[in-house]
2 protein chains.
Amino acid sequence: MIEASVKEEMKSIDTSSLVDRVEANLVGLLQQRKLKVGDAIPKEIELAETLGVSRTVIREALLRLRVMGLIESKKKKGAVITSPDLFGIIDKSMNPYILDQETLKDMFELRLVLEIGMADFIFHRVKKEDIDELKKIVSNEPHETEHYLFNIEHEIAFHGKLYEITGNNTLKKFQKLLLPIFDYVHHSGLLKKPANTKRFVSHKGLVDIIENGSPELFRNAMRNHLGNHFARIFE
Amino acid sequence: MIEASVKEEMKSIDTSSLVDRVEANLVGLLQQRKLKVGDAIPKEIELAETLGVSRTVIREALLRLRVMGLIESKKKKGAVITSPDLFGIIDKSMNPYILDQETLKDMFELRLVLEIGMADFIFHRVKKEDIDELKKIVSNEPHETEHYLFNIEHEIAFHGKLYEITGNNTLKKFQKLLLPIFDYVHHSGLLKKPANTKRFVSHKGLVDIIENGSPELFRNAMRNHLGNHFARIFE
DNA sequence: ACCTTCATTATGTCATACATAATACCTAAA
DNA sequence: TTTAGGTATTATGTATGACATAATGAAGGT
């Protein structure tokens, strides 16, 4: 039997591959701010010589950084540091047909969390023009807005504008990412209960609250507005 | 001058690289469910022969999938499909020292949005044991809990448990990702106004509400609890 | 001054060889 | 017969050298 303390020591052996270490090395450079956004990093061959590994390894390490969105490489110019776009990165793998059902359901829920939770940012940053635009969006919707069956385009226009108002770009990107997921889950058989057409608070109601109400009111109204989705989750 | 219609045609030329196409090809396989999670994909050499490209290209395409978390490759076993862990993917690039300030601030805000918005999920899924655990966590906190200076460990213990109660694994992972960012922003000079020690609703108050209150009450209480953070953002 | 052409340069792709680690098979000892 | 241990096999990991391709900039012609 091996003692616990010994075991503790043992797992400190370096099991990482060459590429792993080179990658860590390069990322380290970025973290230390030795390189700023826009700076070019050394050529592959130079790096290979400096670090004493083959160009193959360097290329693979750089490729990882590229996939992670930390650098961009152009043909003659070499690679330059870029400010990583977090959600741009997972955009590709964020595919309804690849993700497992559990994650899909999580994502569906995540949207509900976001839209209820962002009330304060909406109220703090909304401008008069935003409200005008919201009203315009609502006026373009079908008249029986309280009963109409889920219309994806109008939903996106309205709710997308809300995200925009928050002034939080990351949040907005996140929503863009969530959209196809949400649509997929909505239509797939993942949620048992069928979508109900009944809706308590309409888009127009939400706009009224943004104009004259408070974050507290808005949160409850949005919770109400999303009631059907919640019902499908909670049964 | 080139006509618009002609231009339209022109942008359909395939500017993608070899690797791009191979990658798309492989991702396509996943999307069509030809391959399920756990399945092994063909060996690099076979793929190279099948697709008529060099092993280098295949390796690079596979590497991309690997970085995106779609596959895992073991030495002798070849590569196998894995269910992508979305946030595990960006875990690496999610580094306070690499992200730009704008994104950091967005992330900080995102946490606030999440914790207020997740009320309904907490209430719908909380169990008696969870409440007991929350109480235990609170009881371990310093006594002057209403005035104590931001203590990162207790914060993580308490709020982390809340995420856990939501039963939304993706959300939980998201929080884990946000933690270092939040800590960094909190301590860096990114937010002008200094942290205030004053706090209205305490952790204990939140637990009480979870036990006896409603999602509506909880949202407002959490908004209040996070008041200092909001104040630092909104000035 | 403008356009074209060409050399240069760094990344992209190919081919081959060998290293390494995980697996499966086989052998030898209990 | 069973099992421990060694060995062969196999697929990925790394190294090397060569050529293709595209972007840049300079030279040269109009």
> DNA chain D: B/Pro42 or A/Val57, which has the more 5' nearest nucleotide?
Replying inline: B/Pro42

>> Whole angstroms only, please: what is the CD1-C1' distance between A/Ile45 and C/dG12?
In response: 12 Å

>> Between C1' on D/dG17 and CZ on A/Arg55, what's the gap in Å once rounded to a whole number?
In response: 11 Å

>> Quick test of your reading of the model: are A/Glu133 and A/Lys161 salt-bridged, counting only N-O distances below 4.0 Å?
In response: yes

> Taking atom types as they are modelled, is there a donor-acceptor pair under 3.5 Å from the base of D/dA15 to the side chain of A/Thr56?
Replying inline: yes

>> I'd like to know if A/Glu109 pairs up with B/Arg125 as an ion pair, taking the criterion as any Lys NZ or Arg NE/NH1/NH2 lying under 4.0 Å from an Asp or Glu carboxylate oxygen.
In response: yes

> In whole angstrom, what separates B/Glu44's CD from C/dT13's C1'?
Replying inline: 15 Å

>> Rounded to whole Å, how long is the line connecting atom NZ of B/Lys76 with atom C1' of D/dA11?
In response: 8 Å

> Between atom CD in B/Glu72 and atom C1' in C/dA22, what is the gap in whole Å?
Replying inline: 15 Å

> Given atom CD1 of B/Ile58 and atom P of C/dC14, what is their separation to the nearest angstrom?
Replying inline: 9 Å

Scan the side chains in residues 98-105 of chain B for donor-acceptor partners under 3.5 Å anywhere in the protein, sequence neighbours excluded, and list what turns up.
{"residue": "B/Asp100", "atom": "OD1", "partner": "A/Ser83", "partner atom": "OG", "Å": "3.0"}
{"residue": "B/Asp100", "atom": "OD1", "partner": "B/Thr103", "partner atom": "OG1", "Å": "2.8"}

> Closest to the B/Val19 side chain: C/dT13, D/dG13, D/dA11?
Replying inline: C/dT13

> Between C/dA22 atom P and B/Lys74 atom NZ, what is the distance in whole Å?
Replying inline: 8 Å

>> Rounded to whole Å, how long is the line connecting atom CG of A/Leu18 with atom C1' of C/dC18?
In response: 15 Å

>> Whether B/Asp20 and B/Arg64 form a salt bridge (side-chain N of Lys/Arg under 4.0 Å from carboxylate O of Asp/Glu) is what I want to check.
In response: yes

